[in-house]
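Comments concern the structure below.
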Amino acid sequence: MSKPVLLTVDDDPEVLNAVERDLRHHFRTDYRVVKASSGAQALDAVRQLKQRGAHVALFLVDERMPQMTGTQFLREAIKLYPDARRVLLTAYADTDTAIAAINEIGLDHYLLKPWEPPSTRLYPVLEDLLSDWFARARTSFDGIRVAGNSLSPASYAVKDFLASNQVPYQWLDMENDATVRELLSGASGGAARLPVVFFPDGTTLVQPTPRELAEKIGMQTQARKPFYDLIVIGGGPAGLAAAVYGASEGLRTILVERSAPGGQAGTSSNIENYLGFPGGVTGADLARRAAAQARRFGAEIITAQEALSIRREDPYRKVVLSDGAELTGYAVLISPGMEVRQLEAEGLSDLLGAGVYYGAALTEAATVRGKDVIIVGGANSAGQAAMFFSRHARKVMILVRGPQLSAGMSRYLVDRIAETPNVEVVVNTSVAGARGDGRLEVVTVVDTASGQRRELQAAAMFIFIGTAPRTSLCEGIVMRDDKGFVLTGRDVMSGGRPPAGWTAARDPYLFETSVPGIFCAGDARHGSGKRVAAAVGEGSATVSMIHQYLQTV
Ligand SMILES: Cc1cc2nc3c(=O)[nH]c(=O)nc-3n(C[C@H](O)[C@H](O)[C@H](O)COP(=O)(O)OP(=O)(O)OC[C@H]3O[C@@H](n4cnc5c(N)ncnc54)[C@H](O)[C@@H]3O)c2cc1C
């Protein structure tokens with residue numbers, strides 16, 4: 001593959017040459033730098049690059065140009081290269097324009113001129129953006145290929161596992177391609193077992209489990225050490241934060257994740273309220289960065305392994321994993337977050353993974369292009385998904401049981417939905433059933449006020465009707481409330497006394513459960529903040545309590 005392009009545009013020749021010089025100096029090994037002196041010239045260049053099949057990784061454009069502003073150029077250029085990162089070069093006076101561009105064209109960053117010294121004011125920002133681009137770029141690619149049927153839940157499960165672990169793959173749909181059918185009949189021995197995953201080394205896996213896939217890809221699925229100071233259960237924001245802080249402060253740390261690092265946050269198409277990301281950050285980016293950061297400090301992250309139970313053998317804590325292995329350590333942090341509630345409606349379970357999905361199945365963006373989509377639920381996660389799919393689907397219908405959206409959704413999302421013409425909010429409505437021939441086609445809905453039923457055509461339905469804590473592994477070991485949330489700190493005390501079985505000569509720490517040395521952080525904890533930042537805060541704060549605990553064992 002030829003080198004991806006960094007395209008820079010400026011009408012001031014001096015600035016243009018300076019940008020070109022700095023970009024070449026730092027990025028020339030991996031990227032080709034192309035420059036243009038006006039928006040029109042740059043658009044011509046973009047069209048030619050597209051025709052030649054080149055990849056553009058970044059547009060770095062001056063906002064103030066006489067015929068076409070930087071924002072106007074970007075609006076056109078991203079139609080051809082929607083994945084390219086977008087950066088404006090601005091003066092102080094352009095700050096408002098740049099902030100508006102964040103919302104309008106998904107601007108990734110604005111740089112204030114001058115950017116001296118580039119080593120601190122230019123390169124770190126661009127490196128970060130280029131690493132994002134690289135992680136997401138679907139270039140002509142000789143990696144993993146998944147061949148199957150888009151109607152099959154098993155194919156969806158494999159795609160979902162790869163996508164949520166951010167492993168690039170190419171999807172080959174046997175429905176639309178005779179050569180794929182040919183490929184499959186050879187590989188799966190003619191059997192109807194789909195999908196088949198083809199690896200670059202020439203081997204295949206037929207209908208693999210997540211663990212088989214993870215092992216084949218080279219992801220860690222087994223612990224490497226016999227003993228840990230800290231065992232973290234769950235790789236959402238809380239668990240990842242604890243792994244980063246634990247490992248960075250010298251604790252032998254392992255994190256166990258049943259699916260993919262990122263948790264619920266990892267499925268969010270855009271987190272807009274996390275500190276330090278004015279243009280928002282996708283859950284996938286946040287998860288990738290956090291997992292890389294934890295590993296950099298020496299934490300082990302094992303995936304496709306579920307923690308089934310915790311045992312206490314003082315002073316040790318043992319965690320039993322789904323493959324029967326046991327982890328041993330001094331302290332355990334439970335951060336398993338929440339799982340989605342299931343919607344009870346006729347015909348739904350038969351179509352799971354074939355048009356009906358719990359949560360935002362972002363992998364389905366291409367499948368719903370130009371079609372109608374239903375989102376069930378009225379909270380933020382539903383709103384974010386509606387905004388995401390509005391960019392791909394013909395029309396998005398948000399079904400809410402109540403009379404309006406705003407009760408459970410942040411104001412900014414309610415406003416954004418109101419401004420988006422292809423999103424319709426259908427109030428006082430619940431789902432009664434779903435049907436389709438192998439894939440979702442029709443959803444039956446009921447008016448909650450009148451009881452009247454009607455049918456909606458839809459290619460996909462994404463369900464966000466709330467969540468419950470995923471704490472069954474705590475059964476019989478730590479105290480939970482009646483909804484299953486884990487009790488910590490003062491909540492485990494009764495009449496000013498610690499719970500039965502409490503052996504430490506002190507009261508439980510703030511995030512410590514009813515068993516000394518077992519902590520809980522994030523959404524699964526009774527009274528937690530149920531936000532990314534809150535989970536990160538709790539996960540990080542727990543580490544100092546664990547340090548104090550470790551001094552006593
Ligand atoms: C679609 C969506 C959008 C959201 N958007 C925002 C937003 O914009 N801003 C915001 O602040 N919040 C948002 N939230 C809420 C936010 O994501 C959560 O509050 C946060 O992720 C909670 O973090 P956590 O680490 O406690 O748990 P989770 O994120 O739920 O992560 C828990 C992890 O533990 C794993 N796990 C569970 N049980 C086990 C086990 N037994 N063994 C091994 N692993 C296990 C799970 O697979 C999961 O990866 C959103 C949530 C969703 C679903």
Side-chain angles (χ1 to χ4, degrees), residues 160-161 164-165 210 221 231-243 254-275 277 280-284 286-287 290-291 301-310 319-323 327 332-341 357-362 375 377 379-389 408-410 412-413 462-475 484-486 511 520-526 528-540 542:
D160 190 49
F161 180 82
S164 46
N165 279 288
T221 60
I231 302 168
V232 180
I233 300 174
L240 285 166
I254 187 164
L255 183 152
V256 187
E257 168 54 52
R258 52 184 287 284
S259 166
Q264 298 169 74
T267 67
S268 169
S269 51
N270 200 16
I271 300 167
E272 298 199 43
N273 58 353
Y274 190 59
L275 186 72
F277 293 88
V281 57
T282 67
L286 199 62
I301 298 181
I302 56 175
T303 33
Q305 279 276 26
E306 182 158 359
L308 297 183
S309 60
I310 308 171
V319 175
V320 180
L321 303 182
S322 43
D323 69 349
L327 303 177
V332 172
L333 172 66
I334 303 168
S335 50
M338 312 275 278
E339 59 191 332
V340 287
R341 281 217 177 86
Y357 308 92
Y358 284 98
L362 306 183
I375 306 278
N380 279 354
S381 48
Q384 287 179 356
M387 291 309 299
F388 174 80
F389 286 110
M409 197 178 285
S410 300
Y412 80 92
L413 265 176
F462 302 94
I463 303 165
F464 302 83
I465 54 162
T467 44
R470 194 193 281 271
T471 56
S472 55
L473 84 157
C474 301
E475 186 89 51
F485 291 98
V486 176
F511 297 148
C520 181
D523 279 14
R525 195 181 69 79
H526 172 89
S528 64
K530 311 288 183 284
R531 290 284 183 276
V532 177
V536 167
E538 291 190 7
S540 329
T542 309

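Only this structure's heavy atoms are used, side chains among them; waters, hydrogens and symmetry mates stay out. Everything numeric in this text was worked out from a predicted model, so none of it was measured. Each ligand, and each atom within it, is numbered from 1 in the order the structure gives.
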Checking E257 now: which residues fulfil salt bridge (charged side-chain N to carboxylate O under 4.0 Å, His left out) with it, not counting sequence neighbours?
none
Side chain proximity check, D323 to T221, heavy atoms < 4.5 angstrom
no
Under 4.5 Å between any side-chain heavy atoms of M387 and N270, yes or no?
no
For F464, the ring-ring contact (aromatic ring centres under 6.0 Å, His included) test, sequence neighbours excluded, returns none
Heavy atoms under 4.0 Å from ligand 1: which residues qualify?
I233, G234, G235, G236, P237, A238, V256, E257, R258, A260, G263, Q264, A265, T267, S268, I271, N273, Q305, E306, A307, S335, P336, G337, M338, S381, Q384, R470, G522, D523, K530, R531, V532, A535
Is V332 close to I233 at the side-chain level, that is, under 4.5 Å between some pair of heavy atoms?
yes
Compile the donor-acceptor pairs under 3.5 Å between side chains in residues 465-475 and protein atoms, sequence neighbours left out, one pair per line.
from, atom 1, to, atom 2, distance (Å)
R470, NH1, E339, OE1, 3.4
T471, OG1, R480, NH1, 3.1
T471, OG1, G484, O, 2.6

